[in-house]
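Here is the naming used below: chain letters follow the sequence lines, and residue numbers restart at 1 for every chain.
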2 protein chains.
Amino acid sequence: MTLPRLKRSTLGDDVYDSLRAAVLEHTLAPGDRVNIDALARDLEVSPTPVREALARLESEGLVRKRPLAGYTVSPLLTRAEFNDMFDMRLLLECAAARWAAERATPEQRGTLVTEAARTVEGGDEHAWHAAFTALDAHVHDLVAQASASPLLRESITRLHAHLHLHRRYFPYAQTAVTNDEHQLLAAAISDHDPDRAESAMREHLIHARARHLVAFDE
Amino acid sequence: MTLPRLKRSTLGDDVYDSLRAAVLEHTLAPGDRVNIDALARDLEVSPTPVREALARLESEGLVRKRPLAGYTVSPLLTRAEFNDMFDMRLLLECAAARWAAERATPEQRGTLVTEAARTVEGGDEHAWHAAFTALDAHVHDLVAQASASPLLRESITRLHAHLHLHRRYFPYAQTAVTNDEHQLLAAAISDHDPDRAESAMREHLIHARARHLVAFDE
DNA sequence: CCTTCGTAGATCCTATAGGATCTTTCCTGT
DNA sequence: ACAGGAAAGATCCTATAGGATCTACGAAGG
């Protein structure tokens, strides 16, 4: 008998979740100064758990700390850093796709195919874009999870946080193409075909990088 | 004129360094409970910076937190987790070796060859072993640095922290072989030969895993 | 007009105190 | 002898207060 491992949480963790969401949603925009006391007042907690949350966020690179001068939200990636991130994605996620094709459970293959086939319904443009981004992240996480490597999945998740910071500047079009690529990837993994899974992921990421890079042209 | 960017530090950072070193040196052994108040008294600081340091360490996986029950030093890796870590090392460090061979500066190639050729001098067995481990980590970091990918280097550094936790249980012998492998790797990178660099790293890591895995046989 | 210096304000960093929770130990009952 | 429960101790979590530092604005001098 396995119980769902009841979740006890602390204020620090709650603040962390809230702050992380705020940064990812651009409620706190890149470059903004983060005032500890003001945040504590807004969230109606003391500064201590806020400091704890910020320390964790800094370790993940979402905020920067300047000693005796306060925290700021990490600035957006430069073109070079963005390319570096995609080099890492290619390295990590191609391996994840390969391992997923080799080691995923039948349930995982099924879920992956189902989720990759999902499409996002109407709503206003902003909400629709947010939903689509969330779905994209979810598909990639399913692959990472199916790779059966906890360390690999964690690394990928960490990268995606930085990717998410840029989503506002991604082009709204071409989402249908993304969806097609996801389905090819899911099919390859479902078919136990590592080579095809890896190359599908590679194609998908290379195309995604090209799609996103236009945002860096002024 | 570029000044060395004077380093201001906070108590929290100092505590972090001290604590991280204590964990890596097994002054705080895996599984040990970490008493916040006691630590604050020993280090002669208040609990707040200690909490901040622990939050960062938890984010790196060096300590674990159980809400309302305190922190503990992360336990040693299981055999499966250890294998997973080496799978990640193979993925990350082989790519690092390849990129280093392609992109390293002349200075980096020179330093790498020099450091890979270094040997550790006498001293008592414990100190000697510690020095050798440090040298090994240094060589691998030089490769990561030469890869010219900040994200890749950071990921590798993160992995090596966990590897370091196990060093006490590594075999003392066969260090000469390790040194030879490092020199082969350095030579390949120095020669601008990506294929040979990657395979040299792969061989090295596969052999290293085999050497270390004996520690898991009881 | 530009640069430099000094002061005021705001912010961060650290320390201490009180309430809530968990762990351990001891005792009682079966 | 063992299982179950209760109370004491220790520990963690949160809140508040005070000292040190940085930033920004304004004034004086070149």
Would you confirm whether the ring centroid of His160(B) sits within less than 6.0 angstrom of the ring centroid of His140(B)? yes
Between His166(B) and His212(B), is the gap from one ring center to the other below 6.0 Å? no
Roughly how bent is the helix from dC1(C)-dG30(D) to dT30(C)-dA1(D) end to end, in steps of 10 degrees, with each end axis from five pairs?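 What I find for the helix from dC1(C)-dG30(D) to dT30(C)-dA1(D) is an axis angle of 20°.
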From [atom1] of [X] over to [atom2] of [N], roughly how many Å is that when rounded to an integer?
{"X": "Leu54(B)", "N": "dC12(D)", "atom1": "CG", "atom2": "P", "value": "9 Å"}
{"X": "Tyr71(A)", "N": "dC22(D)", "atom1": "OH", "atom2": "C1'", "value": "16 Å"}
{"X": "Arg66(A)", "N": "dC12(C)", "atom1": "CZ", "atom2": "P", "value": "11 Å"}
{"X": "Arg51(A)", "N": "dA15(C)", "atom1": "CZ", "atom2": "P", "value": "12 Å"}
{"X": "Leu11(B)", "N": "dG19(D)", "atom1": "CG", "atom2": "P", "value": "17 Å"}

Between dT14(C), dC13(D), dT14(D), which nucleotide gets closest to the side-chain atoms of Lys65(B)?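 My answer, after comparing the listed nucleotides, is dC13(D).
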Could you pick out which residue, Arg33(B) or Glu52(B), lies toward the 5' side of DNA chain C when each is mapped onto its nearest nucleotide?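 This one resolves to Glu52(B).
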Measuring only between side-chain heavy atoms, which start at C-beta, is Leu43(B) closer than 4.5 Å to Ser18(B)? yes
Check whether any side-chain heavy atom of Leu152(A) sits under 4.5 Å from a side-chain heavy atom of Leu91(B), and report yes or no. yes
How are the rings of Phe82(B) and Phe86(B) set relative to one another: parallel (under 30°), tilted (30 to 60°) or perpendicular (over 60°)? tilted
Which residues in residues 34-47 of chain B have a heavy atom closer than 4.0 Å to any atom of DNA chain C? Val45(B), Ser46(B), Pro47(B)
Taking atom types as modelled and ignoring hydrogens, do the side chains of [X] and [Y] form a donor-acceptor contact shorter than 3.5 angstrom?
{"X": "Ser155(B)", "Y": "Arg158(A)", "value": "no"}
{"X": "Ser147(A)", "Y": "Arg98(A)", "value": "no"}
{"X": "Asn83(B)", "Y": "Arg209(B)", "value": "yes"}

